[in-house]
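The model shown is predicted, which means the values in this text are computed figures rather than measured ones.
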Amino acid sequence: MREDEIHNTKLRFGIIGNSLQLNNAVRIAIQVAPTDMSVLISGESGTGKESFSKIIHSVSHRKHGAFIAINCGAIPEGTIDSELFGHEKGSFTGAYESRKGYFESANEGTIFLDEIGEMPISTQARLLRVLEYGEFIKVGSSKVQKTNVRVIGATNVDLLNAIEQKKFREDLYYRLNTVNIQIPPLRDRGDDIERLFKKFASDFSEKYQAQPITLSFEAKQVLLKYRFPGNIRQLKNMVEQMSVLETNREIAAERITAYIPYNNSHLPSTLLKVKATGDEINERDILYKILFDMRQDVSDLKKLVFRLLKDSDQRSEILQSNRHLFATEMEPDEKLPSLIERNDAQIVVSSSIKREAKKNTTEDTEAIQETLNIDITEETNDSLSIVKKERELIITALKRNNLKRKDAAKQLGISERNLYRKIKEYGLEDM
């Protein structure tokens, strides 16, 4: 496919950007459009999935037919069957007359089902029959009707995960996902963020009859580093606010941060999970959470290095000079290196002395420990302190969520399964 065809299509449908992922999504939409294959468009909320459904419809042989876009998450479960497939008079309370559904009205055209992951299971079974046989039955009727409709679905959730949770039919997923188009999130599109900013600034300048806003170099860096959880929709709203409220038309870095709900561009992902759930947990609790995760990472790293050293020719020498790092990883009966270096002092400890030390009294053992200058008390106390703080953090989260473990786990940034394990470990089952 020629690059100019992709470029012209983006101009026609107002798609701004030139990232490889975006261009690839446009290319797939153009290629699949002339067919009648079902398409599933995947991407986060606010990435512009509906624009790609319009590309597919407008380039297809159905372009003269109807195009109906439906948000499945916005229709109540009790009425969605009637909306999609129609109903007969008297089929339910309030059905004073017969009504055509979208699948009947869009015959020979295209239906775009946004947020299809929110569709009820019973409705999914009806949709599967439309995809398989082109048939549907109105609510309250026994007559089978035919329809020739192309179905394009879109989702911002992981449908495979929804299948595991029994919230989405597996057969419908594979029937609908004949072709999958992945729309990249805004944060992965690089310089497209700046291009979109300039386009929105120009649009709102014309709309509000004002000079277009621009960005200082520092403000541009802040914008490019922001993760944009709301994607293009969020950026557009942000630019509109600045276009109306800012008197200085060049936006400085400190001003642009005022329009960012929470500057999460440099924070660890574990902290973001906690912060995203609200501000109920204070900064000290958040810091404890980060320390717990760092402690676990360091522990895992020590285990990995120790396993690698087991088969190394230089194992003895490395362990001798770093005994304090690997003491917790050694088996109880594993021989210590014969040479321990600490503070430029060398102390020779033979294997026989080690075996003899096990037979000594408690006082002798403590004397040997003091001689070797290996203080394990401090490490034990640190460990106990961290365990205590972790227990306190879990108790705090449970209380602030009225003992709802699912909400507490979400607030702590850990899985519900991991929280249950911690509750059992710390004896908190009675809470």
Side-chain angles (χ1 to χ4, degrees), residues 10-19 21-22 25-26 41-54 69 71 73-74 114-115 118 154-157 183-269 271-281 283 286 411:
K10 289 193 295 184
L11 286 178
R12 178 182 173 188
F13 292 94
I15 297 175
I16 307 298
N18 200 34
S19 70
Q21 291 174 290
L22 181 69
V26 174
I41 304 174
S42 304
E44 296 179 7
S45 178
T47 52
K49 296 185 288 294
E50 186 170 343
S51 297
F52 287 82
S53 68
K54 291 178 179 178
N71 188 326
D114 198 7
E115 295 189 27
E118 303 296 325
T155 180
N156 59 1
V157 300
I183 311 300
L186 184 56
R187 60 182 168 274
D188 291 343
R189 290 174 54 181
D191 292 339
D192 285 356
I193 297 175
E194 186 179 357
R195 294 187 182 98
L196 284 163
F197 183 95
K198 291 179 178 179
K199 173 64 168 61
F200 294 145
S202 175
D203 291 345
F204 292 125
S205 170
E206 183 177 346
K207 178 178 180 180
Y208 297 114
Q209 298 296 305
Q211 181 183 350
I213 58 174
T214 58
L215 295 173
S216 68
F217 176 79
E218 293 78 10
K220 189 185 303 181
Q221 301 310 307
V222 172
L223 195 71
L224 292 175
K225 290 178 181 178
Y226 182 57
R227 293 186 60 80
F228 284 103
N231 292 290
I232 299 173
R233 187 182 295 121
Q234 182 185 7
L235 176 61
K236 184 176 181 179
N237 292 341
M238 185 188 301
V239 176
E240 184 170 17
Q241 290 180 53
M242 287 188 284
S243 298
V244 173
L245 301 177
E246 292 298 320
T247 55
N248 188 348
R249 307 312 285 177
E250 182 180 65
I251 310 300
E254 58 270 17
R255 287 303 306 153
I256 201 169
T257 54
Y259 295 91
I260 294 176
Y262 188 77
N263 191 355
N264 58 7
S265 55
H266 303 291
L267 295 178
S269 59
L271 177 55
L272 297 182
K273 291 177 183 177
V274 176
K275 196 68 179 179
T277 61
D279 56 1
E280 295 88 350
I281 295 183
E283 293 181 1
I286 294 173
Q411 190 175 68

J.: Does NZ in Lys10 sit with more than 12 non-hydrogen atoms of other residues, nucleotides or ligands closer than 6.0 Å?
T.: yes
J.: Taking atom types as modelled and ignoring hydrogens, do the side chains of Ser45 and Arg233 form a donor-acceptor contact shorter than 3.5 angstrom?
T.: yes
J.: Check the pair Arg195 / Lys199 against side chain to side chain contact (heavy atoms under 4.5 Å, CB included), numbers first and verdict last.
T.: CA-CA 6 Å; Arg195 294 187 182 98; Lys199 173 64 168 61; over 6 Å; no
J.: Could you go through the side chain to side chain contact (heavy atoms under 4.5 Å, CB included) check for Leu245 and Tyr259 one step at a time?
T.: CA-CA 11 Å; Leu245 301 177; Tyr259 295 91; 3.7 Å; yes
J.: Do Arg255 and Asn248 have side-chain heavy atoms sitting under 4.5 Å apart?
T.: no
J.: Considering non-hydrogen atoms only, spot the tightest contact between Lys49 and Gly43 and give its length.
T.: NZ-O, 3.2 Å
J.: Is Glu240 salt-bridged to Lys236, cutoff N-O under 4.0 Å?
T.: no
J.: Where do Ile232 and Thr47 come nearest, in terms of heavy atoms and distance?
T.: CD1-O, 3.6 Å
J.: Closest approach of Phe197 and Leu235, non-hydrogen atoms and distance?
T.: N-CD2, 4.1 Å
J.: So how far is it from Leu196 CG to Asp203 CG, rounded to the nearest 0.5 Å?
T.: 10.5 Å
J.: Compare every heavy atom of Ser243 with every heavy atom of Ile213, then report the nearest pair and how far apart it is.
T.: CD1-OG, 3.8 Å
J.: How long is the straight-line distance from CE of Met238 back to CD of Gln234, given to the nearest 0.5 Å?
T.: 5.0 Å
J.: Using only atom types and a distance under 3.5 Å, with no angle test, would you say the side chain of Thr155 pairs donor to acceptor with the backbone of Glu115?
T.: no
J.: Between Phe204 and Tyr208, what is the ring plane arrangement, given parallel below 30°, perpendicular above 60°, and tilted in between?
T.: parallel
J.: List the atom of Ala253, the atom of Ser216, and the distance in Å for their closest heavy-atom pair.
T.: N-OG, 3.9 Å
J.: Going from CD on Glu254 to CD1 on Ile256, what distance comes out if it is rounded to the nearest 0.5 angstrom?
T.: 10.5 Å
J.: Step by step, work out the side chain to side chain contact (heavy atoms under 4.5 Å, CB included) result for Ile41 and Ser53.
T.: CA-CA 8 Å; Ile41 304 174; Ser53 68; 4.2 Å; yes
J.: I need the Glu194 CD to Leu223 CG distance, nearest 0.5 Å.
T.: 8.5 Å
J.: Could you tell me which non-hydrogen atom of Ala219 sits nearest to which non-hydrogen atom of Ile251, and how far apart they are?
T.: CB-O, 3.2 Å
J.: In Å and rounded to the nearest 0.5 Å, what is the CZ to CD1 distance from Phe52 to Ile15?
T.: 4.5 Å
J.: Does some side-chain heavy atom of Tyr226 sit less than 4.5 Å from a side-chain heavy atom of Ile193?
T.: no
J.: Please check: side-chain N/O of Asn231 versus main-chain N/O of Leu186, any donor-acceptor pairing under 3.5 Å?
T.: yes
J.: What do the steps show when you test Gln21 against Asp192 for side chain to side chain contact (heavy atoms under 4.5 Å, CB included), and what is the final call?
T.: CA-CA 11 Å; Gln21 291 174 290; Asp192 285 356; over 6 Å; no
J.: A side-chain contact here means heavy atoms from C-beta on lying under 4.5 Å apart; do Glu118 and Asn71 qualify?
T.: no
